[in-house]
Amino acid sequence: MYKDIIAENFIEEEILKDLESGRSKEVITRCPPEPSGYWHIGHCKAWIIDFETANKFGGYTNLRMDDTNPTKEDGDFANSYVKDLEWLGYTPKNVIYASESYFEKIYEIAENMIKNGDAYVCELTPEEVSNTRGTLTEPGTNSPYRDRPIEESLQMFRDMRAGKYEDGKVTLRAKIDMAHPNMNMRDPVMYRVMRAHHYKTGDKWCIYPMYDFAHPMEDALEGVTYSLCDISFEDHRPLYDWFIEHGWGKPYPPRQIEFSKLNLENVLLGKRYLKKLVNEGKVLGWDDPRYLTIVGMRRRGYTAKAIKDFIKSLGLSKSDSTIPFNALEFYVRNDLNNIATRAMAVLDPVKVVITNYKGSELCEMQNNPNIEDAGVHTMTFSDTIYIDSDDFSLNPPPKYNRLVLGGMVRLKGAYIIKCNNVVYKEDGTIDYLECEYIPNSKSGNDTSGLKVKGTIHFVSADNCTEVTIRNFKNLIKDEYLDPSKALAEGVDVDEILEPDSMTESKALVENFLTSAQVEDKFQFMRKGYYTLDKDSTKDNLIFNHTISLKDGFKVK
RNA sequence: UGGAGUGUCGCCAAGCGGUAAGGCCCGGGAUUCUGACUCCCGUAUUCGUAGGUUCGAAUCCUACCACUUCAGCCA
């Protein structure tokens with residue numbers, strides 16, 4: 001059944017080899033978040049790989065909360081993952097809480113390992129453990145408790161569970177090799193004493209397994225065959241394999257394979273920094289449209305398809321890479337172009353009076369010219385309209401084919417107009433433009449024979465509503481390609497933040513937009529893509545500027 | 001002489017001994033009632049460096065160089 005599968009990346013190649021050699025029989029993966037923060041685009045890469053890989057080989061993926069540290073976790077996060085995954089279009093086969101499903105079994109495995117002489121209870125303090133670990137170039141030294149009798153360790157471990165030791169006093173350690181060149185193999189801690197209320201298991205446990213021990217056991221107990229993770233766990237693989245061998249020891253063991261993580265230029269992803277900005281009120285929340293969290297991107301107007309297409313376009317490798325932000329934007333525009341409803345919106349209005357026209361009439365407007373059956377909606381053309389200020393110029397640059405004094409331009413979906421006069425206010429600014437329309441030039445019925453170079457958008461005074469637009473710039477100043485690194489090096493948060501990265505402005509939009517629902521996506525013609533924000537009220541619609549259209553017009 | 005990993009176009013990335021895919025970005029052109037979309041065309045004599053093996057190497061061998069990463073009772 002896998003014979004006709006063609007591997008498209010190194011992970012799939014490895015899987016294929018395993019399947020052929022009989023090392024594994026099926027492809028079951030897991031997406032294992034620790035419920036301690038919101039997901040961002042970096043996590044997305046991992047989840048996409050987990051789901052797409054399993055799916056390709058006819059397997060499945062579980063969502064498993066890797067909740068082994070109660071001091072950092074919260075059930076609300078766990079719930080958010082289920083929602084995020086659903087939005088991304090992935091359905092986990094099972095939603096599992098490691099604490100709830102595996103803690104008892106992992107404990108049993110630990111006892112067995114003690115009995116087999118593979119683990120011992122150590123009474124070194126955290127500081128002593130650290131001091132005896134050695135350095136990158138020097139071996140560590142054995143714990144004085146390393147060779148205590150098995151029976152003694154077993155009893156002490158049971159006492160640990162029974163709550164007879166204070167937090168931090170004792171640990172269960174794997175007996176491996178304190179001189180191992182890989183620091184992870186120098187008798188790593190398997191269990192620590194920690195009295196903290198767990199969001200799932202409450203106060204049932206006062207000892208909790210460490211990630212390095214718990215993860216492989218969870219994978220094995222769950223039947224996961226491929227534990228795909230980012231490259232930072234590469235050094236842990238020997239330990240993963242050691243625990244599988246000494247703690248599990250059954251056929252078809254799970255295999256960990258690592259891939260490089262996603263880095264984006266100029267984007268802040270560090271959990272603690274995102275949290276800091278949220279707490280200090282510098283952003284709207286975890287779902288701030290400037291954040292690359294799943295909820296943030298969603299609120300901004302990015303689509304799940306765009307995010308997935310982007311990540312898939314990157315390919316899969318183990319080399320360090322940092323992707324320019326515009327690579328993501330390409331896929332956002334691409335998808336939005338296909339699904340966004342077209343609408344007219346004037347962001348900076350200039351009033352235009354059509355001197356040879358009275359009243360109003362309806363015009364048809366395609367909802368989406370790229371989709372055959374997207375239908376049309378009507379808008380009105382009348383004697384008073386608004387156009388955008390940058391579509392009119394008194395001193396036009398070369399090749400400017402919008403409206404100029406004495407020139408003609410087409411109003412998208414309506415008539416060709418000619419500007420005859422500019423009426424000024426007392427302060428010298430433009431009050432309004434006097435234009436004439438060409439009667440037989442209506443879109444769809446144009447018999448004027450006129451050819452105009454430009455087409456601009458407009459909104460009719462009798463058919464428009466004022467709305468609020470939220471405009472975004474990158475949260476981080478351009479010069480900080482790696483903001484997390486800058487922060488880690490001590491640069492102040494306020495220094496790396498782009499001032500005024502979110503601004504509000506007003507716009508005049510077609511009336512039909514008043515029936516838009518939150519997250520509905522529109523293309524404001526010739527401007528960009530906008531999404532209705534959840535902060536909208538009946539009287540004040542707020543549109544988030546998702547992304548601009550590409551602008552091929554270059555002055556000079 | 002700690003360990004592990006990575007080095008192919010500005011950014012990603014195929015390539016798996018037979019003579020450098022593709023995408024993004026960029027440049028040029030066509031089309032256009034969105035200066036969008038779409039469509040053409042262009043962009044590495046060269047694969048971290050130096051040797052070697054071979055009829056033939058980005059692919060094999062040797063050495064070197066650069067970068068990333070690991071010393072939580074975090075995950």
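Proteins come first, then strands; the chains are lettered A, B, ... in the order of their sequence lines, and each starts at number 1. Quantities reported herein were computed from a predicted structural model and do not represent experimental measurements.
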Quick check for you: among [options], whose closest atom lies nearest to any side-chain atom of [X]?
X      : options             : answer
A:K399 : B:G72, B:G35, B:U68 : B:G35
A:T171 : B:G5, B:A71, B:C73  : B:C73
A:K550 : B:C24, B:A36, B:C74 : B:A36
A:M194 : B:C37, B:U34, B:C74 : B:C74

Which is true for [X] with a 4.0 Å heavy-atom rule: it touches a base, it touches only sugar-phosphate, or it touches nothing?
X      : value
A:L136 : base
A:Y400 : base
A:L316 : sugar-phosphate

* Whole-Å gap separating C1' (B:C70) and CZ (A:R133) -> 11 Å

* How long is the line joining CD of A:E127 and P of B:C73, in whole Å? -> 12 Å

Ignoring hydrogens and angles, does a donor from either the side chain of [X] or the base of [N] sit under 3.5 Å from an acceptor on the other?
X      : N     : answer
A:N401 : B:G35 : yes
A:E13  : B:C16 : yes
A:E234 : B:U69 : no

* Test log, rule side chain to side chain donor-acceptor pair (under 3.5 Å), inputs A:D446 and A:S448 -> CA-CA 6 Å; A:D446 187 356; A:S448 69; 2.7 Å; yes

* **Phosphate-side-chain proximity, A:R192 and B:A75, N/O vs OP1/OP2 below 4.0 Å** => yes

* Does A:S36 put a side-chain nitrogen or oxygen below 4.0 Å from OP1 or OP2 of B:A75? -> no

* Does a side-chain N-to-carboxylate-O contact under 4.0 Å join A:K17 and A:E14? -> yes

* Would you call A:R195-A:E166 a salt bridge at under 4.0 Å N-O? -> no

* **Stacked pair A:Y211-B:A75, distance under 5.5 Å, angle under 30°** => no

* Over all heavy atoms of both residues, which pair between A:R64 and A:P33 is shortest? Give the atoms and the distance, please. => O-CD, 3.3 Å

